[in-house]
Amino acid sequence: MESSGCDEMQEIVIVGGGLCGLATALALHRKGVKSVVLEKSESLRSAGAAIGVLPNGWKALDQLGVAPYLRTTALPLQGMRITWMDKGNEKFTPYKNIGEVRCLKRSDIVETFADALPPKTIRFGCDIVSVEMDPITSLPSILLSNGNRIGAKVLIGCDGSRSIVASFLGLKPAKTFRTCAIRGLTSYPNGHSFPLEFVRLIVGQTAVGRLPITDKLVHWFVSVQQGTDAKFPQDTQVIKQRAMEAVIGHPADVQEMIKKCDLDSLWFSHLRYRAPWDLMFGNFREKTVTVAGDAMHVMGPFLGQGGSSGIEDAVVLGRNLAKTINGSCFDLEEAVNQYIKERKMRVVKLATQSYLTALLFENRPMLTKIVIVAVMAIFFRNPSAHTQYDCGLL
């Protein structure tokens, strides 16, 4: 079926070649379904340096068939250690009762996904201007910045927190936390001596996180409180200097870690989120148009579930769309609707727990924090239960 005014027609178009977009294309490929990924950059992107992958994320990666290789790129972490340096308090939570936790370089993940896809699946340099429904076919039509139009039977927006596809669906814009973060990688050619733990060092309103990836590579972040309208430098030397200023008073090995960082890995931005109430009442489908990953449920890194939940989305999307396209049922709208039914409460719960956790980290009145702790004790009695979720078979 040709869509009037379109230069070409595709079965499934995925907007955004980040982690979730490539995972979705891979899930579909594993099920024998062809898709096209439209990525606005000229090469694979890996902003954010690295992500922690929790047990639920590894279940999803196993379904995509890439977990065995990715396990060789990162060492398993043994637990999380939080130290309040100005108070002299420390808390250690072992991961042995949770399961597999590793920190992966984003570039390792996206390159692994991309290498597993058929040639020409990813189209670089495709900047999306708008999305609209073709008045004749009622199918989505994507306008590119070069003036070309691409029609699709199914359109999946994996284009991040400022998603054009999400805007088309009428989702409210993502909100901004008071907390911003600088993230980076540091290499130690002769090896580091850090324990295989996720370490958080907190001094006042500044927190430093450190996650070993291998015995020679470490991922770190510095989170600070800043106004929601703050502007951020793009120059990596300036970002590094801001990070150095933020860790004054931290141990010497922390300052050295930032001093020797890989400049190309640095990333500085506000932490963004979709409010839980917006997810609960938001519209995630218009006929055969939907969203996944950050475009659907961007959340702060407070649970470490941003990346893993996006990979879960990919598996569920692949499963439902394949049932329709490869089976006797051709109701694509119902397939998309089933995906949303499976994912909605999962992401609402994650977003709620992440949001409440973020409020505890921010500079809030003590009474507010007491109320938040009480609410979390009622609704999230087991704070690590989210890591045990299983998105199911592909």
Side-chain angles (χ1 to χ4, degrees), residues 15-16 18-21 47-49 51-52 128 131 156-183 205-207 209 221-234 242 267-286 289-310 312-313 340 343-365 367-369 371-373 375-376 379-380 383 386:
V15 178
L19 190 149
C20 181
I51 64 167
I128 308 302
V131 176
I156 304 167
C158 299
D159 46 340
S161 61
R162 296 179 175 88
S163 168
I164 291 176
V165 181
S167 296
F168 166 78
L169 293 175
L171 291 177
K172 292 184 179 180
K175 295 178 170 61
T176 302
F177 284 116
R178 297 178 187 175
T179 304
C180 61
I182 303 172
R183 300 175 183 174
Q205 295 300 310
T206 301
F221 64 82
V222 179
S223 63
V224 296
Q225 303 291 307
Q226 200 157 339
T228 56
D229 58 350
K231 304 298 182 182
F232 298 100
Q234 300 298 311
R242 292 283 292 274
W267 181 86
F268 189 12
S269 180
H270 269 300
L271 302 179
R272 299 168 67 82
Y273 69 101
R274 287 204 188 280
W277 48 92
D278 288 341
L279 290 174
M280 176 66 78
F281 301 108
N283 174 47
F284 299 117
R285 179 179 76 86
E286 178 65 31
V289 179
T290 191
V291 283
D294 282 354
M296 184 187 199
H297 49 71
V298 61
M299 63 187 80
F302 306 99
L303 296 185
Q305 285 286 13
S308 293
S309 59
E312 290 177 2
D313 292 343
I340 294 168
R343 295 304 294 159
K344 189 165 189 175
M345 289 314 300
R346 165 65 171 168
V347 299
V348 166
K349 290 177 182 177
L350 284 176
T352 302
Q353 189 175 356
S354 177
Y355 176 72
L356 292 173
T357 304
L359 296 184
L360 291 177
F361 282 117
E362 293 188 344
N363 186 19
R364 302 277 178 169
L367 180 59
T368 300
K369 292 192 175 186
V371 172
I372 293 169
V373 169
V375 170
M376 292 187 71
F379 292 101
F380 303 103
H386 60 90

Participant: Using the side-chain contact (heavy atoms from CB on, under 4.5 Å) rule, take M376 and T357 through it: C-alpha gap first, then chi angles, then the decisive distance, then the call.
Facilitator: CA-CA 9 Å; M376 292 187 71; T357 304; 3.5 Å; yes
Participant: Tell me if the CZ atom of R285 is crowded by more than 12 foreign heavy atoms within 6.0 Å.
Facilitator: yes
Participant: If every non-hydrogen atom of F284 is compared with every non-hydrogen atom of K344, which pair is closest and at what distance?
Facilitator: CE1-CE, 4.0 Å
Participant: So which atom in G307 and which in I51 form the shortest heavy-atom distance, rounded to 0.1 Å?
Facilitator: CA-CD1, 4.0 Å
Participant: Would a line drawn from the ring center of Y273 to the ring center of F302 be shorter than 6.0 Å?
Facilitator: no
Participant: Show the atom names and distances, to 0.1 Å, of all donor-acceptor pairs under 3.5 Å that link a side chain in residues 274-282 to residues at least two apart or in another chain.
Facilitator:
| from | atom 1 | to | atom 2 | distance (Å) |
| --- | --- | --- | --- | --- |
| R274 | NE | A295 | O | 3.2 |
| R274 | NE | M296 | O | 3.3 |
| R274 | NH1 | K172 | O | 2.4 |
| R274 | NH2 | A295 | O | 3.1 |
| D278 | OD2 | K175 | NZ | 2.9 |

Participant: Looking at every non-hydrogen atom in both residues, tell me the closest pair between F177 and A358 and how far apart they are.
Facilitator: CE2-CB, 3.3 Å
Participant: Check step by step if side-chain contact (heavy atoms from CB on, under 4.5 Å) holds for D159 and I128.
Facilitator: CA-CA 10 Å; D159 46 340; I128 308 302; 5.9 Å; no
Participant: About how many Å separate CG of L360 and CD1 of I372, when rounded to the nearest 0.5 Å?
Facilitator: 5.0 Å
Participant: What's the separation between atom CZ in R183 and atom OG in S223, rounded to the nearest 0.5 Å?
Facilitator: 10.0 Å
Participant: Determine the minimum heavy-atom distance between L303 and L350, stating which atoms define it.
Facilitator: CD1-O, 3.6 Å
Participant: Walk me through whether I164 and V15 qualify under side-chain contact (heavy atoms from CB on, under 4.5 Å).
Facilitator: CA-CA 9 Å; I164 291 176; V15 178; over 6 Å; no
Participant: Check salt bridge (Lys or Arg N to Asp or Glu O under 4.0 Å) between D294 and all other residues, then give those that pass, not counting sequence neighbours.
Facilitator: none
Participant: For V131 versus F168, what's the shortest heavy-atom pair and its separation?
Facilitator: O-CD1, 3.3 Å
Participant: Which heavy-atom pair separates S161 from A174 by the least distance, and what is that distance?
Facilitator: O-CB, 3.8 Å
Participant: Using a 3.5 Å distance criterion without hydrogens, assess whether the side chain of R346 forms a donor-acceptor pair with backbone atoms of H386.
Facilitator: yes
Participant: Rounded to the nearest 0.5 Å, how far apart are CG of L171 and CG of N283?
Facilitator: 6.5 Å
Participant: Roughly how far, to the nearest 0.5 Å, is the CH2 atom of W267 from the CD1 atom of I182?
Facilitator: 10.5 Å
Participant: So does S309 get a backbone contact from the side chain of R343, meaning a donor-acceptor N/O pair under 3.5 Å?
Facilitator: yes
Participant: Step by step, would you call T352 with F379 a side-chain contact (heavy atoms from CB on, under 4.5 Å)?
Facilitator: CA-CA 10 Å; T352 302; F379 292 101; over 6 Å; no
